[in-house]
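Naming: A, B, ... by sequence-line order, numbering from 1 per chain.
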Amino acid sequence: MSLKVYNVLTRTKQDFVPLTPGVVKMYACGITVSGDAHVGHAYQSVVFDVITRYLRYLGYDVKYVRNYTDVDDKIIANAARAGIDPIAFAEKYMHQTDAEMDALGNAHPTIMARATECIDDIINFVQRLIDSNHAYVSPFGDVYFKLDSFPFYGKLSHIKTDKNDSGVRKDTEPGKQNDLDFALWKSAKPGEIAWKSPWGMGRPGWHIECSAMNLKYLGEQIDIHGGGRDLIFPHHENEITQSESLTGKQFAKYWIHCGLVKINGQKMSKSLGNGILLKDVLAKYDADTIRFALLRNTYAADIDITDNLMPESRRHVYKMYSTLAALRGRDFSGADVAKTDEKIAEIRDAFEHAMDDNFNTLEVIAAAFGWFNFINTEMAKKSTEYDLARIADKIRELFGVLNILQHDPVEYIDNIKSGVLKQNGLSAADIDAYISERAVAKQNKDWAMADKIRAELLAKNIVLHDGPDGTTWDVNL
RNA sequence: GGCCAGGUGGCAGAGUGGUUAUGCAGAGGACUGCAAAUCCUUGUAUGCCGGUUCGAUUCCGACCCUGGCCUCCA
């Protein structure tokens, strides 16, 4: 099987065939740094991180460009409110977001582009659109794209502009020749941050920076352009319009959009103010847990972040690591090599089958429940024909594409455990003392006392396991 | 009004023209002093109405309903 990708442009699932064999040029719209990153940004960044990793897993040479839009109306407004220079303001949130993306476990894109570092490219782009009669300068120093000049407007979003009731908002701004025209360059109001241009002091419009950065870093044509679904219109539609007007060539071959984040069933948006900040999630949960939660979903569907999503994900991840940790020190030297190889091949095929189907990480995780169940079952037997350590290594290798389960299992478990202990004011020695005390009670068949000790610890999220070799403890997540 | 997505078992949520999603919760069992963990077994579903078909949850059409976009948004 080969990779199939749902292309929003054609509204079909298509075989993935890059423009140049073996090479993938991908651009995903990053963040306008007007404040703290939220879980929607986290979702989108993880989705495209995993797409990049899987393309590389398949052997493609991937060039992944991601941008920060670091100048726009909201940044200017928020910076003014904070009493900070907008450049410094944007920079602060850019660095903060970089650190959060690292903490989330995202690999660095090949290039992190910044709008303000591409002002010359943007001006050049706009000038070429003016020269080719696709744009015009208003009497007020703004530059607008002339929508009439591009006959394919709406090819991505299917918005129609020829009907009066099409629903497209028609801003009436002084200087616009047509209400549907959109700004490429905005003239500066007094005191606003601005750059020198042939049309006076001003700054880029919203959509142009992505077109200019694409051209600068990836060229006229790219394989994959991505972003959140909310960007399809008008942002991506306008990008296509600008870029294809300039080059006369198809801009992006595949358009990939991830779903949006809902919070307990309600759409998350800036206007509703119900956003969950990424930094708050990172303060409570580790990257494995967050990625597991986000990837246990098909990327194109909206993801509902319910109150129990993260806790449940943490339990699953913890259980997987527990299985991996339990394999430590086991001897599988007598295992059947051929049988083990067969199992490994089966796991790899299931993984690739799922990922080839439009990056179906949900299916990967569903299959993984079965793989871990298999290991647990075999481990519970007196003896097994399989080299479970090698099978586990393969699972971990495949999960590298999701960047989950990449920590040392024992260290991961210890970290989670010590976190719970700390929260409950306990130490491992305390628990050992309880267990010894309880062992005495058990020996005396003082079940009431034994149960009381067990209940006390459970109240502190410590659960005891009585086994043939004595009592062990674990955290109750 | 325009565009788009979707309606699946108690809940969440996939795939699939005829056969198991998966997870959580539930039931029974092994194990245990009783538990827990782990493992085994297990029940309930495809909005409504037509059509195509030997056969549709899966394709087509109508209807009902929900959600998103059409303002800044990943």
Side-chain angles (χ1 to χ4, degrees), chain A residues 8 11 28-32 34-35 37-48 66 69 72-74 77 154 156-171 206 226-235 237 257-262 265-272 275 278 296-298 300-304 306 308-309 311-313 315-316 319 322-323 326 353-354 357 360-370 372-381 441-442 445-448 450-451 454-455 457-458 462-468 471-474 476:
Chain A
V8 174
R11 310 256 163 123
C29 285
I31 299 175
T32 298
S34 60
H38 54 66
V39 286
H41 298 126
Y43 184 44
Q44 189 262 14
S45 67
V46 168
V47 164
F48 286 96
R66 201 175 158 79
T69 293
D72 95 318
D73 292 351
K74 194 160 277 176
L156 182 70
S157 63
H158 292 205
I159 292 273
K160 294 186 181 73
T161 54
D162 54 350
K163 288 186 184 169
N164 283 331
D165 61 350
S166 65
V168 177
R169 180 156 120 158
K170 301 181 178 182
D171 293 325
W206 175 30
R229 209 181 51 223
D230 51 345
L231 293 184
I232 292 175
F233 185 87
H235 186 57
E237 193 68 61
H257 293 96
C258 70
L260 305 180
V261 169
K262 291 190 289 188
Q266 189 189 37
K267 155 194 153 78
M268 180 179 91
S269 78
K270 289 186 179 172
S271 48
L272 286 171
L278 177 53
R296 204 182 157 196
N297 194 64
T298 48
D302 289 347
I303 185 167
D304 191 1
T306 57
N308 70 2
L309 176 67
E312 191 185 323
S313 297
R315 285 191 287 272
H316 284 303
K319 184 176 164 182
S322 297
T323 297
H353 182 268
D357 182 15
N360 195 338
T361 54
L362 166 62
E363 198 180 319
V364 170
I365 289 173
F369 284 124
F372 278 93
N373 181 268
F374 173 82
I375 292 176
N376 286 331
T377 304
E378 288 298 316
M379 217 168 12
K381 292 178 180 171
K442 280 181 67 176
K445 298 203 187 290
D446 183 355
W447 307 127
D451 291 352
R454 188 167 65 194
L457 285 172
L458 188 60
I462 302 299
V463 59
L464 299 183
H465 303 173
D466 291 330
T471 300
T472 58
W473 64 273
D474 204 346
N476 188 32

| said: Tell me if the centroids of the rings in His158(A) and Phe233(A) come within less than 6.0 Å of each other. | reply: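 No - the distance between ring centres of His158(A) and Phe233(A) does not fall below the 6.0 Å cut-off.
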If you look at every strand shown and take non-hydrogen atoms under 4.0 Å, does [X] touch a base, only sugar-phosphate, or nothing?
| X | result |
| --- | --- |
| His465(A) | base |
| Glu312(A) | sugar-phosphate |
| Leu260(A) | base |
| Ala301(A) | sugar-phosphate |
| His316(A) | sugar-phosphate |
| Gly228(A) | sugar-phosphate |
| Thr298(A) | sugar-phosphate |
| Asp230(A) | base |
| Gly30(A) | sugar-phosphate |
| Ser34(A) | nothing |
| Ser322(A) | nothing |
| Val261(A) | base |

| query | Would you call His257(A) and Ile232(A) a side-chain contact if the rule is heavy atoms closer than 4.5 Å? | reply | yes
| said: Do Arg229(A) and Gln44(A) have side chains that approach each other closer than 4.5 Å (heavy atoms only, starting at C-beta)? | reply: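 Heavy-atom side-chain distance check fails, nothing below 4.5 Å.
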Please state whether the phosphate of [N], meaning OP1 or OP2, lies under 4.0 angstrom from any side-chain nitrogen or oxygen of [X].
| X | N | answer |
| --- | --- | --- |
| Asn373(A) | rC39(B) | yes |
| Lys319(A) | rU38(B) | yes |
| His41(A) | rA74(B) | yes |
| Thr377(A) | rC39(B) | no |
| Asn376(A) | rC39(B) | yes |

In whole angstrom, give the distance that lies between atom [atom1] of [X] and atom [atom2] of [N].
| X | N | atom1 | atom2 | value |
| --- | --- | --- | --- | --- |
| Trp473(A) | rA37(B) | CH2 | P | 16 Å |
| Leu464(A) | rC34(B) | CG | P | 17 Å |
| Asn297(A) | rA14(B) | CG | P | 6 Å |
| Asp302(A) | rG67(B) | CG | C1' | 8 Å |
| Phe233(A) | rA5(B) | CZ | C1' | 18 Å |
| Leu278(A) | rA74(B) | CG | C1' | 12 Å |
| Lys267(A) | rC72(B) | NZ | C1' | 10 Å |
| Phe369(A) | rG13(B) | CZ | P | 15 Å |

| task | Would you kindly compare Arg11(A) and Tyr43(A) by the position of their nearest RNA chain B nucleotide and give the one closer to the 5′ end? | result |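 Counting from the 5' end, the first nearest nucleotide belongs to Arg11(A).
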| request: Keeping the roles fixed (side chain from His41(A), backbone from His38(A)), state whether a donor-acceptor pair exists under 3.5 Å. | output: yes
| message | Could you tell me how far rG43(B) sits from rC24(B) if I compare only their C1' atoms? Round to whole Å. | response | 16 Å
| query | Expressed in whole Å, how much space separates the P atoms belonging to rA45(B) and rC39(B)? | reply |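 One P to the other, the span is 27 Å.
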| query | Dot-bracket for RNA chain B, 5' to 3', counting Watson-Crick or G-U wobble pairs under 3.5 Å, with [ ] for crossing pairs and | for inter-strand pairs? | reply | (((((((..(((.....[...))).(((((.......)))))....(.(((..]....))).))))))))....
| request: Would you kindly check whether a donor in the side chain of Arg454(A) faces an acceptor in the base of rC34(B), or vice versa, at under 3.5 angstrom? | output: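 Indeed there is one.
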| task | Please evaluate the base of rG33(B) for a donor-acceptor partner in the side chain of Asp451(A) within a cut-off of under 3.5 Å? | result |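 By the distance-only test, yes, there is a pair.
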| message | Between Lys381(A) and Glu378(A) (salt bridge meaning N to carboxylate O under 4.0 Å), is one present in this structure? | response | yes
| field | Partners meeting side-chain contact (heavy atoms from CB on, under 4.5 Å) with Asn373(A) (sequence neighbours left out) | value | Thr377(A)
| By centroid distance (under 5.5 Å) and plane angle (under 30°), are Trp447(A) and rG33(B) in a stacked arrangement? | yes
